[in-house]
Amino acid sequence: MNNDNSDTTNQLTNDSETTNGRPSSLNNMEALDQYLKSEAGTRQGRSIPPLEKWHPENTVDMDLTIKANGEWWHEGGHMTRESLVSLFATVLWAEEEEGRLVYFLKTPVQKMRITVEDVPLFINDIGIVNEDNEQWLEFTTTTGDVVRLDDEHPITLRQYQGDSDQEENSQIKNDQDTNSHSTEDSKVRPYMPVRNSLDALIGRNAFYHLIEIGKLTEQNGETILTLQSGGKSYQLSMPAE
C-alpha cells in the first residue's frame with residue numbers, strides 16, 4: 001500500500017467546521033495538508049513557522065510513524081510523496097514528558113501526537129561551503145533542513161536499541177543505514193541536533209562521505225575522526241568494529 005498523492009489526501013473524515021477561519025480539527029492528512037499549504041503561502045520558501053509561539057489546547061493522536069530508517073508511514077502505508085513529507089516536517093515539534101521526548105505535528109489550533117522510532121529527521125547529504133574565507137561542513141536532511149557543523153550543532157554517537165529484523169527487511173536500508181558498530185541488540189549511530197529539540201540521524205552513505213572529508217588518526221588505541229568547520233576542529237571517537 002502506498003499512502004501518497006490522492007490516496008493520502010482522500011481517505012479522511014469530513015472535519016470541515018471552522019473556528020475563526022481555521023479548521024476545528026486537523027487530525028487528518030487532507031485538512032492538515034490544505035492548512036499548511038495556505039499558511040506557508042505567507043512565508044518565503046520552506047521557512048519554519050514560529051512553533052514556539054503556538055500554544056494549542058487541543059491534543060490528539062495521529063496514526064503517523066517516522067521509522068528508524070527515515071521513512072514516514074501513515075495508517076500502515078508508506079508516504080512516498082516527498083513534497084508532502086517535507087511540508088509536514090516543517091511543523092515537527094518535540095516536548096519532554098516524564099524524561100523522554102514526545103513528538104507532535106503542531107499548528108496554532110492543534111497538536112497531533114505521532115510515533116518516532118528513533119529521531120524524526122534524516123541527513124542524506126553533506127557538502128563543503130566556502131563563506132567569508134571560512135570553510136563549513138553543511139548537512140542537509142531529506143526534508144529540506146540545512147545545518148552546519150558548529151558548537152551548537154555537534155555530531156554525537158549514541159546507542160540505538162531497535163528491531164534489527166525490521167531494519168534488515170527495509171527496502172532502503174542500504175541507503176539509510178549508518179556506518180555503525182552493531183551488536184545483536186544495539187547499534188551506535190551518529191546524530192546531529194537540527195532545530196526545536198529535533199535531532200537527525202546521519203545516514204550511512206553520508207557518514208562515509210564525512211569520513212572521506214575528515215582525517216582519521218589513532219590516539220590511545222582509539223580511532224579519532226577530526227573534522228574542520230568554520231575555522232574550528234571537531235573530533236569524534238569512532239566505534240570499534
Side-chain angles (χ1 to χ4, degrees), residues 48 66-72 86 89 92 94 100-101 103 116-168 170-241:
I48 305 301
I66 303 177
K67 294 191 174 290
N69 59 17
E71 295 175 344
W72 287 49
S86 294
L92 276 170
R100 66 184 185 92
L101 285 178
Y103 296 93
V116 175
E117 291 184 348
D118 186 12
V119 293
L121 301 174
F122 187 90
I123 291 170
N124 67 336
D125 184 68
I126 300 172
I128 299 174
V129 176
N130 293 299
E131 184 178 281
D132 298 329
N133 298 319
E134 293 284 4
Q135 193 173 81
W136 296 85
L137 288 181
E138 193 168 82
F139 298 71
T140 304
T141 70
T142 55
T143 48
D145 290 283
V146 178
V147 64
R148 294 178 178 180
L149 176 61
D150 57 23
D151 293 344
E152 294 183 1
H153 303 92
I155 299 170
T156 58
L157 294 175
R158 300 201 302 267
Q159 192 172 78
Y160 167 68
Q161 303 285 344
D163 186 340
S164 59
D165 290 336
Q166 180 180 6
E167 282 199 290
E168 289 291 342
S170 171
Q171 295 181 355
I172 62 172
K173 178 179 183 297
N174 289 333
D175 294 328
Q176 295 193 329
D177 201 355
T178 61
N179 179 32
S180 58
H181 170 61
S182 309
T183 67
E184 291 183 358
D185 300 313
S186 65
K187 288 185 175 182
V188 174
R189 293 177 152 191
Y191 299 91
M192 191 175 197
V194 177
R195 56 178 165 89
N196 295 335
S197 298
L198 304 177
D199 286 350
L201 171 67
I202 301 176
R204 182 178 64 176
N205 291 340
F207 194 72
Y208 281 159
H209 183 46
L210 197 63
I211 292 174
E212 293 174 353
I213 293 172
K215 181 180 179 181
L216 290 173
T217 57
E218 295 290 331
Q219 296 181 17
N220 301 320
E222 290 186 321
T223 300
I224 304 297
L225 175 63
T226 302
L227 302 167
Q228 303 291 332
S229 183
K232 293 186 177 182
S233 293
Y234 298 89
Q235 291 190 332
L236 193 64
S237 179
M238 302 290 287
E241 295 294 340

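Just so you know, these numbers come straight off a predicted model, no measurement behind them.
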query = Looking at K67 and D118, does any basic side-chain N land under 4.0 Å from a carboxylate oxygen?
reply = no
task = Decide yes or no for Y160 and V188: does some side-chain heavy atom of the first lie under 4.5 Å from some side-chain heavy atom of the second?
result = no
inquiry  = Under a 3.5 Å cutoff, is there a donor and acceptor pairing between the side chains of D151 and Y234?
reply    = yes
key: Atom pair CG (L198) and CG (L92), whose distance is rounded to the nearest 0.5 Å   = 5.5 Å
message = I need the H153 NE2 to E138 CD distance, nearest 0.5 Å.
response = 11.5 Å
Salt bridge (charged side-chain N to carboxylate O under 4.0 Å, His left out) contacts touching residues 122-133 (sequence neighbours left out) = E131-R148
query = Taking all non-hydrogen atoms of both residues, which atom of L210 and which atom of L227 are closest, and how far apart?
reply = O-CD2, 3.7 Å
ask   = Do other residues, nucleotides or ligands put more than 12 heavy atoms under 6.0 Å from the CD atom of E152?
value = no
request  = Could you pull out the closest heavy-atom pair between P193 and P154, with the gap in Å?
outcome  = CD-O, 3.1 Å
key: Pairs where residues 209-229 contributes a residue and the test salt bridge (charged side-chain N to carboxylate O under 4.0 Å, His left out) is met, not counting sequence neighbours   = none
key: Separation between CD of Q135 and CG of N130, rounded to the nearest 0.5 Å   = 5.0 Å
key: Atom pair OG1 (T226) and CD1 (I213), whose distance is rounded to the nearest 0.5 Å   = 13.5 Å
ask   = Yes or no on salt bridge (Lys or Arg N to Asp or Glu O under 4.0 Å) for R195 and D145, after CA distance, side-chain angles and deciding distance?
value = CA-CA 9 Å; R195 56 178 165 89; D145 290 283; 2.6 Å; yes
query = Are H209 and F207 side-chain neighbours, meaning at least one heavy-atom pair lies under 4.5 Å?
reply = no
